[in-house]
Amino acid sequence: MDYKNKIEALRQRINEHNYRYYVLDAPLVPDVEYDRLFRELQQLELEHPELIVADSPTQRVGAKPLAEFSQVTHSVPMLSLDNAFDEEEFAAFDKRIKDRLKQYDDIVFACEPKLDGLAVSIRYEMGDLVQAATRGDGYVGEDITHNIRTIHAVPLQLRGNDYPKVLEVRGEVFMPKMSFEALNAKAREKGEKQFANPRNAAAGSLRQLDPRVAAQRQLSFYCYGMGDCDIEIATDHVATLQQLQLWGMRVNELTEGVAGLDACQQYYQHILDVRDSLDYEIDGVVYKVNDYALQETLGFVSRAPRWAIAYKFPAQEEITELLGVDFQVGRTGALTPVARLKPVFVGGVTVSNATLHNMDEVERKDIHLGDTVIVRRAGDVIPEVLAVVKAKRPDKVQAIVMPSQCPVCGSDVEREEGEAAARCSGGLYCAAQRKEAIKHYASRKAMDIEGLGDKLVEQMVNLDMINTVADIYQLDVVKVAGMERMAMKSAQNLMDAIEDSKKTTLAKFIYALGIREVGEATAKSLARELGTLTKIKSATEESLQDISDIGPIVAAHLYRFFRQAHNLEVIDALLAAGIHWPKLKTSDADLSLKGKTYVITGTLPSMTRDEAKALLEAKGAKVAGSVSKKTSGLIAGEAAGSKLTKAQQLGVEILDEADLKALIN
Ligand code: IVH
């Protein structure tokens, strides 16, 4: 009898951990502890097979593969969505709704990312998962219960005791980007076919008769709606999702209720900004009229609701011709093959150049001059050539060859063993490397010299006005005024900006030096943990490796940089020119929030989220993207969505802007 209770208790604990991990994203125990509980349950069930039940967490993979898929008729049809492709089309949608409702106040929309996976419907009866189906043609889909059961983010049982007798949950099954990369890496190793994108991989996994395949594919799920249900859960969409979350369904945490066109447009921009940092692919934003009564009044046209729309992001991939290849010399001398393309509109801009990364990639993708290629421009990332459209290859194509001399300075091109990049050996003799070093130094995240843009730097180097970054501080205003497209006023503005930039921070200065592999984060760690330039300069390779995020390679680059006479000369000249930064106090007074983690959500009355973030970071706090048990506090502004709900559930402290100001003062 004892083991019966034990088995039941284990199942409950495992389900609880699953919920905390997948739905709340706030695990209580490390993975090893979870695994231990899981194995303990498996062992007990092995000893007492008569106690195994279908919704035990060990029973996600059913016994045997299906012979064929059976069909499922959806009790409530699974509709599709109309699309909008620009602001105008979205505004027209908003206007149509207002006209129909004869209501001209701001409409409240539930905003959600448009997940790029597959729509499924999952049916619970008396709290148990009984059936799951694909969308199919919207009326009849295929029974994929066996595969959906393998997805850990989908509960086999609803939580609590107030769930409806019948509940059909609708949402998207998708493959996280990381799982997709891992799956393809494995396929590459084995010489098997790779999937083109996470969506195809997810589709291929659901289309399996044998659930063991899906079980290995690490699919995930977000719920964004409902089908059949025997009770009324709530009177609007956001409240429904919040209730579904309490019953154990995973709801996307970027979901938010917002009022009016402008706020919707802001949401769109925000999602576009964070898109690349998400671990799943999205291809737009879905807006749904939040109020169910209004939804009902609006109704449907053919197969899509009038109350919802998918506002799609610009396409990120397009096809065009590869006209030629140039070799660009970077700050560290690396030669990058750059594709010259027939101009094409992709990712919201016209693209005529795209990176080919390096020669290994050119070879791997089998790219030749004259080929038709797929270009991708995702977010602010440099456009890249993804692949060749082999079917369009002309009879004669020409190989792409790496030059043996630097196209800029003529020095030999060298390739170190084990490195993908070939480099110009000219160092600062090479004008290209000098230009890039100066552009980097002046850039916004480095010394932030306003007005000293790429074009001006190039001109100045060509005219021999500057050779090293230290020369910036010796510029003569009259000479600058005499340059192309410059005048006395713009020259004076530049001089003022140069003067202003002398006051900086140690982290920015280190970053500005352009040491190989030393990005913003590494520079910040160096400044924070060593505190002074003298300490950074004199640190041994070994002690550098004690700093967070610094491994042997970065340590070696740093050590070598500070051992080269001309680098030290430039640094001395910069300090002599008046570059300075506030001394970092090592006392804790300034870092009163060290060790704390905050999350910011919604619109704050008088500052942007970035500004709030900077204030917190200045006091040593970390700012994270999602709420978890470890979150010290949630800074919540207007229209805070699911993050607020989650913080409340977890008992995380909620602060407003006034609290934030009090905190940092
Ligand atoms: S709601 C009646 N919400 O987009 C509304 N769909 O074009 C039905 N999709 O088949 C869908 N993210 O596969 C909805 N947050 C979201 C979505 C979403 C992705 C997909 C879904 C659907 C298709 C419709």
Side-chain angles (χ1 to χ4, degrees), residues 72 74-85 89-90 93 97 109-122 132-142 144 148 151 153 168-176 197-203 205-207 219-229 236-238 240-242 244-245 249-258 264 267-268 270-272 274-275 278-292 294-313 315 641-642:
V72 175
H74 298 300
S75 46
V76 179
M78 293 182 76
L79 301 166
S80 62
L81 292 168
D82 267 348
N83 292 321
F85 291 97
E89 288 178 8
F90 179 64
F93 162 75
I97 290 178
F109 288 104
C111 314
E112 302 164 358
K114 186 168 193 303
L115 307 160
D116 202 3
L118 297 109
V120 297
S121 183
I122 307 174
T134 60
R135 177 172 179 273
D137 63 3
Y139 300 97
V140 179
E142 277 175 340
I144 49 160
I148 293 300
I151 302 174
E168 251 176 45
V169 166
R170 298 215 165 145
E172 202 87 346
V173 168
F174 60 94
M175 185 176 286
N197 54 49
R199 188 179 187 284
N200 287 2
S205 311
L206 288 187
R207 223 180 288 117
L219 299 171
S220 198
F221 175 77
Y222 278 121
C223 135
Y224 50 62
M226 262 181 30
D228 203 4
C229 183
D236 68 56
H237 184 73
V238 170
T240 301
L241 293 182
Q242 279 167 352
L244 291 175
Q245 184 166 359
M249 304 313 302
R250 188 166 182 226
V251 174
N252 190 286
E253 47 185 35
L254 295 168
T255 303
E256 247 175 70
V258 317
C264 285
Y267 181 84
Y268 177 91
H270 172 61
I271 300 298
L272 201 51
V274 299
R275 181 187 195 177
L278 302 176
D279 188 35
Y280 46 88
E281 297 219 317
I282 59 173
D283 58 354
V285 167
V286 181
Y287 296 97
K288 302 170 181 171
V289 171
N290 192 40
D291 191 303
Y292 283 160
L294 297 185
Q295 285 191 6
E296 193 150 339
T297 312
L298 289 162
F300 301 85
V301 243
S302 66
R303 310 196 45 193
R306 282 202 192 88
W307 44 262
I309 201 154
Y311 185 173
K312 300 288 275 289
F313 294 144
S642 60

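Atoms within a ligand are numbered from 1 in the order they appear, just like the ligands themselves.
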task: Kindly determine whether E281 and R199 satisfy salt bridge (Lys or Arg N to Asp or Glu O under 4.0 Å), including the steps that lead there.
output: CA-CA 8 Å; E281 297 219 317; R199 188 179 187 284; over 6 Å; no
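- Counting heavy atoms from C-beta outward, F300 and W307 have side chains that approach closer than 4.5 Å.
- Looking only at distances, no side-chain donor or acceptor of Q245 sits under 3.5 Å from a matching main-chain atom of V251.
- Between the side chain of Q295 and the main chain of V289, a donor-acceptor pair closer than 3.5 Å is present.
- Geometrically, ligand 1 and W307 share no nitrogen or oxygen pair separated by less than 3.5 Å.
- Closest to atom 20 (C) of ligand 1, if we only count protein heavy atoms, is E172 OE1, 3.6 Å.
- Contacts between L81 and ligand 1, counted as non-hydrogen atom pairs separated by less than 4.0 Å, involve both the backbone and the side chain.
- Under the side chain to side chain donor-acceptor pair (under 3.5 Å) criterion, S220 pairs with R250, sequence neighbours left out.
- Polar contact check, L115 against ligand 1: a nitrogen or oxygen pair lies under 3.5 Å apart.
- Residues T255 and Y222 have side chains that never bring a donor and an acceptor to within less than 3.5 angstrom of each other.
- For the ligand labelled ligand 1, residue P113 lies inside the 4.0 Å heavy-atom shell.
- Distances shorter than 4.0 angstrom occur between a heavy atom of K288 and an atom of ligand 1.
- The salt bridge (charged side-chain N to carboxylate O under 4.0 Å, His left out) test applied to R170 returns E168, not counting sequence neighbours.
- Here R135 has side-chain heavy atoms under 4.0 Å from ligand 1, and that is the only part of it that gets that close.
- Both the backbone and the side chain of A119 come within 4.0 Å of ligand 1, judged by heavy-atom distances.
- With respect to atom 14 (C) of ligand 1, the closest heavy atom belonging to the protein is Y224 CE1, 3.4 Å.
- Looking at atom 8 (C) of ligand 1, its nearest protein heavy atom turns out to be L79 O, 3.7 Å.
- Within the 4.5 Å cutoff, the side chain of V285 has heavy atoms near those of the Y267 side chain.
- Interface atoms of ligand 1 facing V286, defined by a heavy-atom separation under 4.0 Å, are 15 (N), 16 (C), 17 (C).
- Looking only at distances, no side-chain donor or acceptor of D291 sits under 3.5 Å from a matching main-chain atom of D236.
- Atoms of ligand 1 lying under 4.0 Å from any heavy atom of E112, numbered from 1 in the order shown and given with element: 3 (N), 15 (N), 16 (C).
- Of all the atoms in ligand 1, the ones that sit under 4.0 Å from a non-hydrogen atom of P305 are 2 (C).
- In terms of polar-atom proximity, K114 is counted as a contact of ligand 1, with an N or O under 3.5 Å from an N or O of the ligand.
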